[in-house]
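Below is one structure, written out as structure tokens, with a few remarks after it.
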Amino acid sequence: MSTSAEPQRIVVVGAGECGTHAAMALRDKGFDGSITLIGRESVHAYERPPLSKGALSAEETELVHPWSPEQLAEAGIDLQLGVEVTGIDLAAGTVTTDAGEVPWDRLLLALGSDVRRLELDDVTYLRTHEDAAALRELLRPEGHLLVIGAGFIGLEIAAGARERGMEVTVVEAGPRALGRIVPQEVAEQVVALHAEHGVALRTSTLVTDLRREGGRLRALLSDGDEVVVDVVVAGVGAAPTTALAAAAGLVVDDGIVVDEGLRTSDPRVFAAGDCASFPDARSGGRVRLESWRNAHDQAVTVAASMLGEEQAHAAVPWFWSDQYDQMLSVAGLPGTGERSVLRHRDDGVLLHLGLDAADRLVHAAAVGPGASVAKDIRVAEKLIAAAVPLDPEQLADPGVPLRSILKAATA
């Protein structure tokens with residue numbers, strides 16, 4: 001199926017940060033055809049990271065909108081909010097919504113992901129700004145919160161609740177906290193931080209039953225113990241939103257399968273953000289990322305690809321988490337290194353560096369005071385992108401600035 005003709009009508013399904021950023025990037029690149037941006041939520045794109053970070057510890061918070069509806073209108077983008085897309089017709093080149101059909105000759109699916117839900121009643125989840133507002137009302141001082149899941153989201157919620165004066169218990173099905181994305185040494189320091197703030201963490205533990213008793217909840221745990229709490233929140237990951245793509249006949253495998261330019265199995269249709277499964281040149285595998293940075297990076301890549309530019313997505317993955325007065329930050333893909341180096345800094349920052357067989361940096365994780373962590377991880381990102389052999393002894397020595405290592409490596 002040829003895609004040589006210049007697109008005139010682009011439809012973006014998903015009006016979150018990724019979809020909206022892609023629509024604006026199309027205009028920045030000179031596309032002057034029609035752009036229709038369709039979102040199921042009734043509010044225009046807002047930043048999601050604050051929902052599980054500072055928003056929970058504050059009494060109230062305002063949404064951060066990267067663009068206003070006026071800015072989108074000035075850019076000639078037809079923003080349709082509160083609209084559900086119910087089908088995609090590849091042969092006809094249309095999407096069907098609850099408001100009618102919209103034609104396209106290029107289609108971007110920026111569908112995001114949906115929280116994984118447990119087979120338990122009376123559990124609260126956090127995904128949207130409405131969820132965050134409802135949860136904030138439940139996090140009352142002197143209450144007791146049970147968090148299911150000791151990943152980024154679960155621990156951020158735990159920190160926010162402690163800062164509001166709640167007692168907090170966290171249960172994690174795996175053998176340790178942050179098992180999917182953070183090396184054990186860094187995770188242990190994060191767990192110690194939570195312990196200092198009074199959070200009780202129980203690993204290798206499931207909630208097997210949850211019963212409401214009066215105004216409280218009794219949780220039965222897999223070890224036979226019980227805990228009585230006021231609120232239960234689950235942060236057990238997210239699943240890519242793929243039903244529309246699968247129903248249309250696009251290839252789906254833990255996300256909508258795309259190539260290095262974020263094209264799906266139909267070359268007129270693209271996918272980006274949480275819902276996209278893309279090839280990673282560094283690891284040689286296929287990955288799917290749920291992060292603020294990835295949504296922005298892929299929005300730029302996909303805008304170029306939709307206009308016929310041959311641009312492979314090659315950005316270094318980056319994640320971060322604010323917990324109390326500390327930052328946890330990660331660059332690169334976890335589990336891709338064959339050896340590790342630890343750098344202990346005098347200011348309390350612990351930096352874990354993962355190297356491949358050729359001593360090239362492929363992964364970095366750090367925890368400590370925010371400004372110091374951010375600086376180290378920014379340099380680590382550049383070292384990962386440089387893909388050159390490094391001296392492990394220099395990496396371990398906090399007396400050798402990472403910037404000097406980067407300068408020598410890229411000279």
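- The aromatic rings of H363 and H352 sit perpendicular to each other, their planes meeting at more than 60°, with 30° as the lower class boundary.
- Taking both residues in full, the closest heavy atoms of A364 and L353 are given as CB-CD2, 3.7 Å, listed atom of the first, atom of the second, then distance.
- A salt bridge links K29 to E309: at least one charged side-chain nitrogen sits closer than 4.0 Å to a carboxylate oxygen.
- Rounded to the nearest 0.5 Å, atoms CD (E17) and CG (D274) are 10.5 Å apart.
- Nearest heavy-atom pair across L107 and V95 is CD1-CG1, 3.9 Å.
- The two residues A245 and L109 come nearest to each other via the heavy atoms CB-CD1, 4.1 Å.
- At a threshold of 4.0 Å, the pair D359-R339 counts as salt-bridged, since one of the basic side-chain nitrogens sits closer than that to a carboxylate oxygen.
- Heavy-atom minimum distance, L244 versus T86: CD2-C, 3.7 Å.
- Judged purely by distance below 3.5 Å, without hydrogens or angles, the side chains of Q184 and E188 pair a donor atom with an acceptor atom.
- Side-chain atoms of T203 and E172 include no donor-acceptor pair closer than 3.5 Å.
- For the residue pair E41 / Y46, a side-chain donor-acceptor distance below 3.5 Å is found, with atom types taken as modelled.
- Ion pairing between a basic and an acidic side chain is recognised when a charged N comes within 4.0 Å of a carboxylate O; R282 and D356 show no such pairing.
- Proximity of D78 to Q80: side-chain heavy atoms (C-beta onward) are separated by under 4.5 Å at one or more points.
- In summary, the side chains of T20 and H44 do not present any donor paired with an acceptor at a separation below 3.5 Å, with no hydrogens or angles considered.
- When all heavy atoms of A75 and M24 are compared, the pair lying nearest together is CB-SD, 3.9 Å.
- Ring geometry, F152 versus F319: the interplanar angle exceeds 60°, so the pair is classed perpendicular (tilted spans 30 to 60°).
- A 6.0 Å sphere centred on CG of D346 holds no more than 12 heavy atoms belonging to other residues, nucleotides or ligands.
- Using a 3.5 Å distance cut-off with no hydrogens or angles, the side chains of E260 and H313 do not pair a donor with an acceptor.
- Judged purely by distance below 3.5 Å, without hydrogens or angles, the side chains of D89 and T94 never pair a donor atom with an acceptor atom.
- Donor-acceptor pairing under 3.5 Å is lacking for the side chains of S277 and D254.
- Two residues are said to be in side-chain contact when any heavy atoms from C-beta on lie closer than 4.5 Å; D230 and L217 fail this criterion.
- Taken to the nearest 0.5 Å, the OG atom of S321 stands 7.5 Å off from the CG atom of L178.
- Using a 4.0 Å cut-off between a side-chain N of Lys or Arg and a carboxylate O of Asp or Glu, D32 and R27 do not qualify as a salt bridge.
- The environment of CG in D253 is sparse: at most 12 heavy-atom neighbours from other residues, nucleotides or ligands sit within 6.0 Å.
- Counting only heavy atoms from C-beta outward, the side chains of V302 and L108 approach each other to under 4.5 Å.
- Shown here is D121, whose CG atom has no more than 12 heavy atoms of other residues, nucleotides or ligands within 6.0 Å.
- Here the OG1-CG distance, from T36 to L79, works out to 10.0 Å after rounding to the nearest 0.5 Å.
- Heavy atoms of other residues, nucleotides or ligands lying less than 6.0 angstrom from CZ of R403 number 12 at most.
- Between E381 and R293, at least one side-chain N (NZ, or NE/NH1/NH2) sits under 4.0 Å from a carboxylate O, which counts as a salt bridge.
- Note that the CG atom of L355 and the CD atom of E338 stand 10.0 Å from one another [nearest 0.5 Å].
- Under the 4.5 Å side-chain criterion, counting only non-hydrogen atoms from C-beta, Q8 is in contact with D105.
- Between R263 and E310 there is a salt bridge, with a side-chain nitrogen of the basic residue lying less than 4.0 Å from a carboxylate oxygen of the acidic one.
- Relative to the six-membered ring of F278, R288 misses at least one condition, a distance below 6.0 Å or an angle of at most 45° to the axis.
- Comment: E130 does not engage R127 in a salt bridge, judged by the lack of any side-chain N to carboxylate O separation of less than 4.0 angstrom.
- No donor-acceptor distance shorter than 3.5 angstrom exists from the side chain of R360 to the backbone of L390, with no hydrogens or angles considered.
- Contact annotation: the side chain of W104 approaches that of R268 to within less than 4.5 Å [non-hydrogen atoms, C-beta and beyond].
- Of the charged side-chain nitrogens involved, none lies within less than 4.0 Å of a carboxylate oxygen, so that R343 and D376 do not count as a salt-bridged pair.
- Looking at L135 and V233, their side chains come closer than 4.5 Å, going by heavy atoms from C-beta outward.
- Ring planes of W320 and W292: perpendicular class, angle over 60° (limits at 30 and 60°).
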